[in-house]
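Written out below as structure tokens is the structure these notes cover.
Residue numbers start from 1 in every chain, and the chains themselves are labelled A, B, ... in the order their sequence lines are given, proteins ahead of strands.
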Protein chains: 4
Amino acid sequence: MNEPATARRHQAEQRRLQLIDTALAVFAEKGVDGATVKDLSQAAGVAQGLLYHYFRSKDELLEAALERHYFLPELRRITALDRDRPAAEVLLEVVTRLAAMFRQHHLFMRVVLRESLSNPLVVERLERGRREAVRVLGDYLDSRVAAGELRPHDTETTARILAYAVAAAHLVGTPSDDFLPALVDTVLHGIIAQP
Amino acid sequence: MNEPATARRHQAEQRRLQLIDTALAVFAEKGVDGATVKDLSQAAGVAQGLLYHYFRSKDELLEAALERHYFLPELRRITALDRDRPAAEVLLEVVTRLAAMFRQHHLFMRVVLRESLSNPLVVERLERGRREAVRVLGDYLDSRVAAGELRPHDTETTARILAYAVAAAHLVGTPSDDFLPALVDTVLHGIIAQP
Amino acid sequence: MNEPATARRHQAEQRRLQLIDTALAVFAEKGVDGATVKDLSQAAGVAQGLLYHYFRSKDELLEAALERHYFLPELRRITALDRDRPAAEVLLEVVTRLAAMFRQHHLFMRVVLRESLSNPLVVERLERGRREAVRVLGDYLDSRVAAGELRPHDTETTARILAYAVAAAHLVGTPSDDFLPALVDTVLHGIIAQP
Amino acid sequence: MNEPATARRHQAEQRRLQLIDTALAVFAEKGVDGATVKDLSQAAGVAQGLLYHYFRSKDELLEAALERHYFLPELRRITALDRDRPAAEVLLEVVTRLAAMFRQHHLFMRVVLRESLSNPLVVERLERGRREAVRVLGDYLDSRVAAGELRPHDTETTARILAYAVAAAHLVGTPSDDFLPALVDTVLHGIIAQP
DNA sequence: GATGAATGAGTGTTCATTCAT
DNA sequence: AATGAATGAACACTCATTCAT
């Protein structure tokens, strides 16, 4: 007997997601402050007031958007590395996947980066992702050092070099196809001429 | 008879610079949109109207601040590298100087990064600095390849790795003392265990 | 076959009364303007839309509440005085009953007083009650003058003094037990020392 | 050298007072909640924004209006009674002055009474005035009892009867010329026929 | 009968900018 | 040069009311 109610609830949930998704796009385009509630509602094709039926404030809408598109779990999957496979094989794979992830969530990334200097909510989320990525990558490198494939060295710095390079390349523009292999090659073999 | 006029002009110039410098600080703290004209004038200890005596608009004040603190010339000095000195010596020097420069101009950097996704004026400036740094660094690396110190490789990518790493490390927080040497060491010698 | 219809109608009437009563309480607490339709529906535990099934508008709900709780008939019963009983006996009785009536209908009174300066509907209702009370009380006093118990005087003013005192005392806070007897005593005997 | 600045400051002060006075009138007419900022600014013939140059919020404007028109000092002057003059002379004088004061500050009174059930700021102010009036009047009556002019009785109640009657009469409409003398006469001599 | 999604006009407030002094 | 009063177009948000289900 509550099937109609279920249908309604489903429709409401769809509307909620639609509002979140269009909001993310608008936030990415104009910035959070730059995006007016009018912008947001027009982009979704609804009246301004409806936003406040679903979210208490513009800020709560932002929060919901960040929540929905947060990719930490995905990042974990990407960096769940098989410690027995050689770095020469694995590192290119992981930076490629990272780059793909950035491409896919580029709206989210734009918003996060833009707000990361002002919005404390965002700062924390960004920082958590960064730490997670660097830590997992560093652990993997340590295990490859232990396996004798890599020489003993400051693995955390290596992890950072890789992560920063992929992230920065993505921000500056889509990195060319050559960039990622060259990055991994440089980090693995260095640039000093072999004697 | 024009000495007082000169004095006046001098005083006006001082006031102009004061307005610019306090504005940069306020922009860095609150963001360009977040900083109201009232904030700016109060920080400088003057009336709101005075800002419009020196600058046509809030945006022009931003422009003037970016102009005044733009560090491209300084970047050029830093990257004016002696092509005959070995990379093993030079690279640590240059990343250290880059890091110092970021530290020194951190207010400017905060403003530029925050606005880089929205303000086209800023985008262009940032991009020019980036390209300049990467190009000069790349050229230097090429010359060291030619000199036989470095193996033939994708020098632009190396230049990017270095620049991105220094910039990103600075953004995330002040890099530790170990980071820069480790960065250079990794890039020079790679991380693969020697056979 | 119309018994269920009767039951339904009965239930509907109950719901109507419930909405009215909770509305009166909310109006008293927050004021008519201050009470939102959401407040009203939440207080009644129903959806907003339902209010519009029973009442055409928020204002009509207010009207219904004023209608339902209007105490003019009760006021008439209270002031239906036996003209042959002495004032010394009757007056304390009537002010006591008046005070009790104010206490009992204090939600209604709060709403009425709050709106009496803006809502013409309310103004009229309040004024009618006031006039009725003063007139009936005045008539009674006249009859006691005719009976020789009271001296000839401006009985309307006396009626007002009594009514205003009880009403104002109630508004300022619940009057102490002493107030009403002292009020009647003062009005009856005055405060001038007897020669 | 600051004369022009003084003139400007003076003009600003005049504007401030004008805004307060027109606001009081609008608040009295439409109620505080019912008066929009647009109403207030239009009544003063200025742009909406200007209100916020002088007052932080609509509420602060209300506060300023209440402050400016608060008549407690005037009430004190009115009730600074000569304790040696007979009550038969003094009481009519004081209720007449009270009535005149109510007439003069009727805008203020309307606002205060309307908000007294919701705005705590207003409640406190009203209560203070009421207590002050009742206390001073009661003290005076006590001294007349001591002087033997008045019989020993509950003087606070008498004070309340007088104050409530004048206030209520004013609220209900302007009291007729007869009301005040009749009020004082009744309170002084009572209404019981002399034996 | 009952729900709550949806509307849109209107609210108090902010703010870059102008201008008379 | 310097002030700050004044403007008016936004802005985020509220709310009585409507309507499809």
Which donor-acceptor pairs under 3.5 Å do the side chains of residues 107-115 of chain A make with protein atoms, sequence neighbours left out?
from	atom 1	to	atom 2	distance (Å)
A/Arg110	NE	A/Ala28	O	3.2
A/Arg110	NH2	B/Leu117	O	3.3
A/Arg114	NH1	A/Ala28	O	3.1
A/Arg114	NH2	B/Leu117	O	3.3
A/Arg114	NH2	B/Ser118	OG	3.3
A/Glu115	OE2	A/Val32	N	3.4

(message) Given 3.5 Å as the limit, does a donor-acceptor pair link the side chain of D/Gln18 with the main chain of D/Ala44, or not?
(response) yes

(request) Apply the test side-chain contact (heavy atoms from CB on, under 4.5 Å) to residues A/Tyr54 and A/Leu61: give CA-CA distance (whole Å), side-chain angles for both, the deciding distance (0.1 Å), then the verdict. (result) CA-CA 8 Å; A/Tyr54 287 94; A/Leu61 175 54; over 6 Å; no

(message) Tell me the closest heavy-atom pair linking A/Leu72 and A/Gly129, and the distance in Å.
(response) CD1-CA, 3.9 Å

(request) At under 4.0 Å between heavy atoms, which parts of nucleotides 2-8 of chain F does protein reach? Answer with one letter per nucleotide, 5' to 3': B base, S sugar-phosphate only, - none. (result) BBBBBBB

(request) Kindly say whether B/Ala65 contributes a backbone atom to a donor-acceptor pair with the side chain of B/His69 at under 3.5 angstrom? (result) yes

(request) Look at all strands and tell whether A/Val37 reaches a base, only sugar-phosphate, or nothing, counting heavy atoms closer than 4.0 Å. (result) sugar-phosphate

(message) How many whole angstroms separate atom CG of C/Asp39 from atom C1' of F/dT17?
(response) 16 Å

(message) One thing to verify: whether A/Arg9 and A/Glu13 come together as a salt bridge, which I'm taking to mean a side-chain N less than 4.0 angstrom from a carboxylate O.
(response) no

(message) Distance to the ring centre below 6.0 angstrom and angle to the axis at most 45 degrees; does that hold for B/Arg125 and B/Tyr70?
(response) yes

(request) Within residues 56-66 of chain C, find the residues that approach DNA chain E with a heavy atom at under 4.0 Å, and present them sorted by residue number. (result) none

(message) Let's go through D/Arg15 and D/Gln11 carefully: what are the C-alpha distance in whole Å and the side-chain angles of both, what is the deciding distance for side-chain contact (heavy atoms from CB on, under 4.5 Å) to 0.1 Å, and is it a yes or a no?
(response) CA-CA 6 Å; D/Arg15 177 49 58 97; D/Gln11 190 192 1; 5.9 Å; no

(message) Contact list please: residues 21-36 of chain D against DNA chain E, heavy atoms, distance less than 4.0 Å, in numerical order.
(response) D/Ala35, D/Thr36

(request) Let me know the distance between CZ of D/Phe55 and C1' of E/dG12, rounded to the nearest Å. (result) 16 Å

(request) Apply salt bridge (charged side-chain N to carboxylate O under 4.0 Å, His left out) to C/Lys58 and list each qualifying residue two or more places apart in sequence or on a separate chain. (result) none

(message) F/dT14, OP1 or OP2 - any side-chain N/O from A/Tyr52 closer than 4.0 Å?
(response) no

(message) Please find the pair of heavy atoms, one from D/Ala23 and one from D/Leu40, that lie closest to each other, and give the distance.
(response) CA-CD2, 3.7 Å

(message) My validator wants the stems of DNA chain E: runs of 3 or more consecutive Watson-Crick or G-U pairs, both distances under 3.5 Å, written as range with range.
(response) E:2-21 with F:2-21

(message) I need the A/Asp39 CG to A/Glu29 CD distance, nearest 0.5 Å.
(response) 8.5 Å

(message) Using every non-hydrogen atom in the two residues, find where D/Ala43 and D/Val26 come nearest and quote the distance to one decimal.
(response) CB-CG2, 3.6 Å

(message) Strictly below 4.0 Å, N to O, side chains only: are B/Arg68 and B/Glu63 in salt-bridge contact?
(response) no

